[in-house]
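Residue numbers begin at 1 in each chain, while the letters A, B, ... track the order of the sequences. All values derive from a computational prediction rather than experimental measurement. What you see below is based on every heavy atom in this structure, not just the backbone, and it leaves out hydrogens, waters and symmetry mates.
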Amino acid sequence: MTAPEAPTSALGAGPGFVVQFDAFSGPLDLLLHLLREERIEIAEIPIARIADQFLGAIHELGLDQAADYLDMASRLLRLKVQMLLPRRTEEDGWEDPRAELVRRLLEYQQIREIAVWMGRAAERRAERFARGYLPPLPELPAVPLTLDVMDMLQAVERVIAGMPTPVLHRVIARPLDIETATRRVEQLLDEHEQIGWLQALGPRPTIVDVLSTLLAVLELARRGVLRLVQPAAFVPMVIARDSARPAA
Amino acid sequence: MTPLAQLLEAALFSASRPLTPEELATLDAEATFADVRVALEQLREHYDFEPHGVELLELAGGYQILTRPMYAAAIERAHFSVRAPKLTAAALETLAVIAYRQPVGRAEIEEIRGVSAGGVLRSLQERGLIEVVGRSDALGRPLLYGTAALFLELLGLRDVADLPRSEELTIALQPHRAVPDVGDEAAAYVEAES
Amino acid sequence: MTPLAQLLEAALFSASRPLTPEELATLDAEATFADVRVALEQLREHYDFEPHGVELLELAGGYQILTRPMYAAAIERAHFSVRAPKLTAAALETLAVIAYRQPVGRAEIEEIRGVSAGGVLRSLQERGLIEVVGRSDALGRPLLYGTAALFLELLGLRDVADLPRSEELTIALQPHRAVPDVGDEAAAYVEAES
């Protein structure tokens with residue numbers, strides 16, 4: 001394992017941002033490393049302990065800024081919580097929450113094995129040199145460029161597929177329901193001498209409700225059914241029953 | 001050596017990459033594939049019978065004359081030639097995923113390796129080791145990658161079949177397992193929580 | 001061949017230039033100049049005695065293994081020495097945009113492809129596939145590009161109008177993409193910034 005690289009201040013992540021990407025090729029690699037150190041079978045992974053060690057390691061390695069590692073850390077923490085939940089062992093269908101992680105680790109380990117094999121193959125090939133001398137190119141353009149209509153068409157398809165598609169929003173005109181709002185305000189004023197603006201809106205009002213209620217209140221005020229009073233500056237408006245109009 | 005073997009030797013000497021039997025057959029309009037194979041065999045035997053510093057090898061679906069490994073250190077020390085730079089672990093792992101899963105998209109590579117793959121994919125593509133082989137039908141029509149001819153050349157393999165098979169690996173998984181989509185994974189978690 | 005002759009053969013094969021006797025002597029610390037000369041002579045005789053497709057030549061104050069001239073024509077005809085250059089995906093896509101929308105400026109190409117196009121445009125221009133066909137009236141009077149004669153030649157087309165056109169193509173890459181017709185239906189849509 002090589003020494004950690006110098007802090008990459010260019011990333012603007014502040015001091016202490018040390019990414020030792022060359023030590024581990026990713027969070028799965030780090031996990032496998034931890035399991036190897038503990039001599040634990042992948043299928044037996046003790047989530048709680050490994051999660052703590054993983055968090056400790058990424059803290060120690062200064063990898064805490066790397067999203068990939070954080071993603072794995074959050075998965076481990078979620079698994080840790082799941083393992084603490086009571087199991088209904090008798091019941092069929094209980095799936096070990098670790099199953100997915102175990103599968104991924106095994107799969108990744110297989111890829112690692114292949115990668116090591118490939119690395120050795122590449123090293124063996126690098127032991128042999130190919131012809132180094134290349135004759136100088138005859139006057140250009142002697143080498144015919146390979147280009148055909150199919151290539152072009154495929155390129156066109158790629159361009160089209162990659163083109164940002166304009167996002168279209170359908171604007172649905174939702175009519176204001178002033179009648180219902182009017183009935184609600186009238187009903188409230190039948191029961192109360194005066195009500196607040198928020199009370200008039202009803203529970204969890206939508207924008208349409210707010211607009212409907214506002215128009216209803218204004219209309220009712222115009223008709224003299226209610227009075228709109230603001231007792232002082234910057235205080236909420238009070239909707240009061242018009243005194244001239246007796247309660248029903 | 002027969003004239004055809006000499007012609008093949010000259011062609012193989014002048015090329016810096018493996019030449020396929022089809023390409024070699026175009027050298028002499030009168031030569032059949034069988035003739036080419038016989039001449040190649042003669043050439044190989046010639047280099048091996050009275051030992052040469054070079055030998056004829058079959059790789060990446062073709063034939064190439066390469067120096068024998070025993071001379072690599074001396075040649076490199078004398079600065080006449082340099083070994084190909086080593087691939088990083090990230091590059092090798094990404095190549096491994098692509099080699100076994102091709103055609104494969106970036107999302108699947110990232111899922112298997114647990115890290116983002118954009119930079120590695122770009123550099124592998126620039127080095128000509130992988131290539132875009134199509135687009136997936138999935139949302140956003142992501143690009144699908146496969147290994148390029150240079151990949152086999154770099155590893156000194158004749159064929160993709162030379163790659164280790166799953167039964168030769170300690171951890172044998174099915175090379176083409178269906179990737180569970182996010183829904184499946186989420187379902188597993190939910191199930192575990194209940 | 002002696003081991004030294006084999007080592008020299010490997011070194012000469014892998015070097016990209018003639019190697020001087022002094023350089024060749026550095027390959028083996030125990031070899032004297034005389035040893036090197038003897039081994040080189042052995043190598044030359046070997047290539048000449050049983051005729052090979054290559055020979056050892058003394059040139060530019062050094063030694064180099066080169067193919068025999070009699071095979072040059074056949075090898076050149078077969079175009080092995082250099083891989084037929086293929087356009088990169090980026091180059092092809094840029095070329096496609098230019099072919100269908102010419103005359104077109106860099107800004108528009110970049111808008112369509114979503115990536116900067118400076119390098120690709122320069123290389124396409126150097127390869128003679130596109131050319132500057134004018135200047136736009138827009139701010140800064142940017143250059144407008146179109147395909148060059150070589151482009152049609154390579155594709156074997158008489159005219160740009162021979163390029164395939166499909167329904168999809170004409171909509172997405174029509175020369176001057178206009179805002180979609182604003183009909184009754186379209187009035188209900190608002191084009192959002194994407």
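Smallest separation of non-hydrogen atoms from A:Gly26 and B:Val115: CA-CG1, 3.4 Å. When all heavy atoms are compared, the tightest approach of B:Ala96 to A:Ala115 is CB-N, 4.1 Å.
For B:Leu57, the part lying under 4.5 angstrom from a heavy atom of chain A is the side chain only. Proximity to chain A (any heavy atom under 4.5 Å) is shown, for B:Ala91, by neither the backbone nor the side chain. Interface remark: A:Met118 contributes backbone and side-chain atoms alike to the contact with chain B (heavy atom separation under 4.5 Å).
Side-chain contact between A:Tyr108 and B:Glu93 is present, with heavy atoms from C-beta onward closer than 4.5 Å. Two residues are said to be in side-chain contact when any heavy atoms from C-beta on lie closer than 4.5 Å; B:Arg113 and A:Asp29 fail this criterion. Side chains of B:Leu157 and A:Arg125 form no contact here, defined as non-hydrogen atoms less than 4.5 Å apart. Looking at heavy atoms from C-beta onward, B:Val54 lies out of side-chain contact with A:Phe129 at the 4.5 angstrom threshold.
For chain A, the option among B:Ile75, B:Ile65, B:Leu143, B:Leu59 with the highest count of heavy-atom pairs below 4.5 Å is B:Ile75. The candidate from B:Leu163, B:Leu95, B:Leu92, B:Leu155 with the greatest count of non-hydrogen atom pairs under 4.5 Å with chain A is B:Leu155.
Within a 6.0 Å radius of CZ in A:Arg184, other residues, nucleotides and ligands contribute more than 12 heavy atoms. Other residues, nucleotides and ligands contribute at most 12 non-hydrogen atoms within 6.0 Å of the CZ atom of B:Arg122.
Note that CD of A:Glu123 is 10.0 Å distant from CG of B:Leu87, once rounded to the nearest 0.5 Å. Atom CG of B:Asp162 is separated from atom CH2 of A:Trp117 by 6.5 Å, given to the nearest 0.5 angstrom. Here B:Tyr71 contributes atom OH and A:Glu127 contributes atom CD; the two are 13.5 Å apart, rounded to the nearest 0.5 Å. We find the CG-CD1 distance between A:Leu28 and B:Ile112 to be 10.5 Å, quoted to the nearest 0.5 Å. Here the OG1 atom belonging to B:Thr94 is positioned 9.5 Å from the CD1 atom belonging to A:Ile111, to the nearest 0.5 angstrom.
Ion pairing between A:Glu107 and B:Arg101 holds under the 4.0 Å rule for side-chain N and carboxylate O. Looking at B:Glu55 and A:Arg128, a side-chain N of the basic residue comes within less than 4.0 Å of a carboxylate O on the acidic one, giving a salt bridge. Using a cutoff of 4.0 Å between basic side-chain nitrogens and carboxylate oxygens, B:Glu111 and A:Arg104 are scored as salt-bridged.
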